[in-house]
Amino acid sequence: MGHTTFRGKFRAGVLAGAVTAGLAAAALAAGTRAEGPGAEATPTPTVTATVTATPTPPVPVPTPTPWAPSPRPNPPGPPADDWAGFGPVDAEPVRVRTGDGDCLNLRSLPGTAGPGPRQCAPEGTLLWLRGAAVEADGETWRYALGMGWVAVRYTVPAPDAPRGFGPFNTATVLGTDDGSWTQAAEVTPDGRVQVRGGGWLPFNAAWAAVRPSPLAPSGRYIAFQDHFDGPAGGEVVDLATGERVPLGKAMPLLWGPGDRLAVRLPDACDACPGAIGWTAPPFDEVTPVPAAVAWNLAWLPDGSGFVTWSAELGLRAVGLDGSERSIPLALGSDEWPGELSVSPSGRRVLAVPFAGPVRVIDLQTGEVQRIERPQPAIVGGRCGGSPGLTSAWADDDTVAWHEEGLDRQRNGIWVVNLRTGERQVYPFQAVLELRPAGRGLLAFTAADYSPAERVPPVSWLLDPGSGLAWPVTAGMFAAWR
């Protein structure tokens, strides 16, 4: 595959500089006199002198040196071995049983003497225990994946809990080393692991910023920017063949249906025509969208365009051909709708802001359904704490998003049925991404930050119908097939 070409016209910026130099000389002569009460005036003598001018030698003006970036150090090579974390997760399922209906505290460390509880699991919550037991403060503690340390006397075995890959045959996941290199692998229920894409790739898939997963919905492609080349454009890797296709200056922004990829084009201002483009397999051509599309966008489910929002233009549906349609949405001057995702039917948009109500907006009528929620104490999750999107649709009636910074009984993944209003909170702490897995299931990646338990990021499945979530395989951002 060759380099990606661009369709359409782009404006190029021009960098100009100027160097100036100046010289100055001055001479000053002054007389003296006595002043003060009783002092006699003394005439100031007049001095006459002959001054012979001496030519000032010319001062050479330095020749400006063009600016050049400092040489980049040679990057360290990739790890010698494959990522050791790939493979199905083995954990022990239990349910919370406190006996009095109270919730069970989830802690960052075993024992009660350390930091306070970070979450609280309601009676009946399914937990997955991993690692050795620890004795502390008169209790026996086990680590619950994605949640924290629990006192095991308040749990009972759950032999009927779901396990494995559910209706799927494979999962393609990502693993990282120390934050500089990423590897992709295909994992199967029988534990087979096959590294894809030719080995390690030079970027950090777990980088904490607001951006979607680098893995395409099909699991075949990865889009990324080289960790060692700074703000250069992106590239796409075909995990089936190992081929890498440069995208020129285009920067990967958001995967969509049919493995279409939205990209940011830096030669146009944000929310200006041509600022957003798109490409699709084999990724050898990038087409700018001839209408204004802001970075806050979501693909329409048929891949024909985006729903996008900006403070200047409001909420709009924009086609890849440049067609536009405004969608009424009343917001306060200090509000924004937040992270956007479109329902499977394409009729409604889920908008999840950092704070304030969650909104479900009908794209045809503009009708808004508000879901009130508590005001967070801190801004988390979607604001720099997650490398992927953390809101999604399970089906046309079920939405989900991750909350951080509420009280300990309301942090976690919220799942809401829009028809009945029923809601359930799954107390997962560090959710890196939340997406539809297909067949009515949700998929998410949870990271674990326990000093006593070295647990890699784990990809989970969640069934809103049964209210159960279970760990499947180590690795991030699973694409299920």
Side-chain angles (χ1 to χ4, degrees), residues 95-97 101-104 119-127 146-147 158 160-162 166-167 298 300-301 307 315 327-330 337-376 381-382 389-428 431 433-444 446 460-470:
R95 291 186 181 276
V96 173
R97 180 178 293 175
D102 198 2
C103 58
L104 176 60
Q119 311 276 76
C120 200
E123 184 86 357
T125 298
L126 182 63
L127 309 177
M147 297 185 183
D160 58 339
L300 293 169
V307 172
L315 190 65
I327 302 159
L329 178 62
E339 190 175 277
L340 304 175
S341 59
V342 184
S343 66
S345 67
R347 292 193 55 189
R348 292 188 288 184
V349 173
L350 172 66
V352 183
F354 299 148
V358 171
R359 295 176 173 89
V360 178
I361 305 140
D362 191 302
L363 293 178
Q364 300 299 322
T365 67
E367 180 184 353
V368 177
Q369 181 177 350
R370 292 165 57 103
I371 304 172
E372 300 295 337
R373 58 179 180 163
Q375 180 73 14
R382 292 164 299 281
L389 302 176
T390 54
S391 58
W393 294 77
D395 55 47
D396 273 327
D397 292 319
T398 308
V399 296
W401 68 89
H402 184 249
E403 289 284 8
E404 192 71 58
L406 304 182
D407 62 66
R408 63 189 178 95
Q409 295 190 51
R410 287 184 281 194
N411 286 327
I413 298 174
W414 285 43
V415 178
V416 178
N417 186 299
L418 299 176
R419 275 189 306 104
T420 66
E422 180 183 359
R423 63 186 66 184
Q424 184 169 347
V425 179
Y426 300 79
F428 289 94
V431 172
E433 188 201 38
L434 176 65
R435 65 161 78 177
R439 305 193 185 186
L441 301 179
L442 293 168
F444 64 95
W460 295 67
L461 288 172
L462 189 157
D463 181 1
S466 66
L468 301 177
W470 63 98

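As a basis for the values below, the full set of heavy atoms in this structure was taken, side chains included, without hydrogen atoms, waters or symmetry mates.
Interatomic distance, OG of Ser391 versus CD of Glu403, reported as 10.5 Å (0.5 Å rounding). Atoms CG and CG, from Leu442 and Leu434 in turn, are 5.5 Å apart once rounded to the nearest 0.5 Å. To the nearest 0.5 Å, the span separating CG on Leu315 from CG on Leu363 amounts to 7.0 Å. Once rounded to the nearest 0.5 Å, the distance linking CZ of Arg95 with CG of Asp160 reads 5.5 Å. For the atom pair Glu367 CD and Arg348 CZ, the distance stands at 9.0 Å (nearest 0.5 Å).
Between Leu104 and Arg97 there is no side-chain heavy-atom pair separated by less than 4.5 Å. Side-chain atoms of Val415 and Thr398, non-hydrogen and from C-beta on, do get closer than 4.5 Å to each other. The side-chain heavy atoms of Val358 and Glu339, taken from C-beta on, include no pair separated by under 4.5 Å. Using a 4.5 Å cut-off on side-chain heavy atoms (C-beta onward), Trp393 and Val349 make no contact. Between Leu441 and Leu462, the closest side-chain pair of non-hydrogen atoms is not below 4.5 Å. Using a 4.5 Å heavy-atom threshold, the side chains of Asp102 and Pro122 count as separate. Proximity of Trp470 to Asp463: side-chain heavy atoms (C-beta onward) are separated by under 4.5 Å at one or more points.
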What verdict does the side chain to side chain contact (heavy atoms under 4.5 Å, CB included) test give for Leu340 and Leu350, after you've listed the backbone C-alpha separation in whole Å, the side-chain angles of each residue and the deciding distance to 0.1 Å?
CA-CA 6 Å; Leu340 304 175; Leu350 172 66; over 6 Å; no
Start with the C-alpha distance between Val368 and Leu329, add both sets of side-chain angles, then the distance that settles side chain to side chain contact (heavy atoms under 4.5 Å, CB included), and finish with yes or no.
CA-CA 8 Å; Val368 177; Leu329 178 62; 4.0 Å; yes
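For the residue pair Ala298 and Val342, the shortest heavy atom distance occurs at CB-CG2, 4.0 Å. Minimum interatomic distance between Pro301 and Ser343 (heavy atoms only, all atoms of both residues): CG-O, 3.6 Å. Among all heavy-atom pairs drawn from Pro353 and Gly356, the shortest one is CG-O, 4.2 Å. For the residue pair Gln369 and Leu418, the shortest heavy atom distance occurs at NE2-O, 3.4 Å. For the residue pair Pro427 and Cys120, the shortest heavy atom distance occurs at CB-O, 4.3 Å. Taking each heavy atom of Gly146 and Ala446 in turn, the nearest pair found is CA-CB, 4.3 Å.
Scored by the side chain to side chain contact (heavy atoms under 4.5 Å, CB included) test, Ala443 finds Arg435, Ala437, Leu461, Trp480 as partners (sequence neighbours excluded). Residues satisfying the side chain to side chain donor-acceptor pair (under 3.5 Å) test with Glu372, not counting sequence neighbours, are Arg370. Applying the salt bridge (charged side-chain N to carboxylate O under 4.0 Å, His left out) criterion to Arg439, with sequence neighbours excluded, gives no partner residue. The side chain to side chain contact (heavy atoms under 4.5 Å, CB included) search around Gln424 returns Tyr426, not counting sequence neighbours. Glu123 pairs by the side chain to side chain donor-acceptor pair (under 3.5 Å) definition with Thr98, not counting sequence neighbours.
Between Trp460 and Phe428, the two ring planes are perpendicular [angle over 60°; tilted spans 30° to 60°].
Pairs of residues two or more places apart, or lying in two chains, that qualify as salt bridge (charged side-chain N to carboxylate O under 4.0 Å, His left out) and include a residue from residues 412-428 are Asp397-Arg419.
Salt bridge annotation for Arg347-Asp396: absent, with no cationic side-chain nitrogen under 4.0 angstrom from a carboxylate oxygen.
Of the candidates Leu389, Ile371, Ile413, Ile371 is the only one forming a side-chain contact (heavy atoms from CB on, under 4.5 Å) with Trp401.
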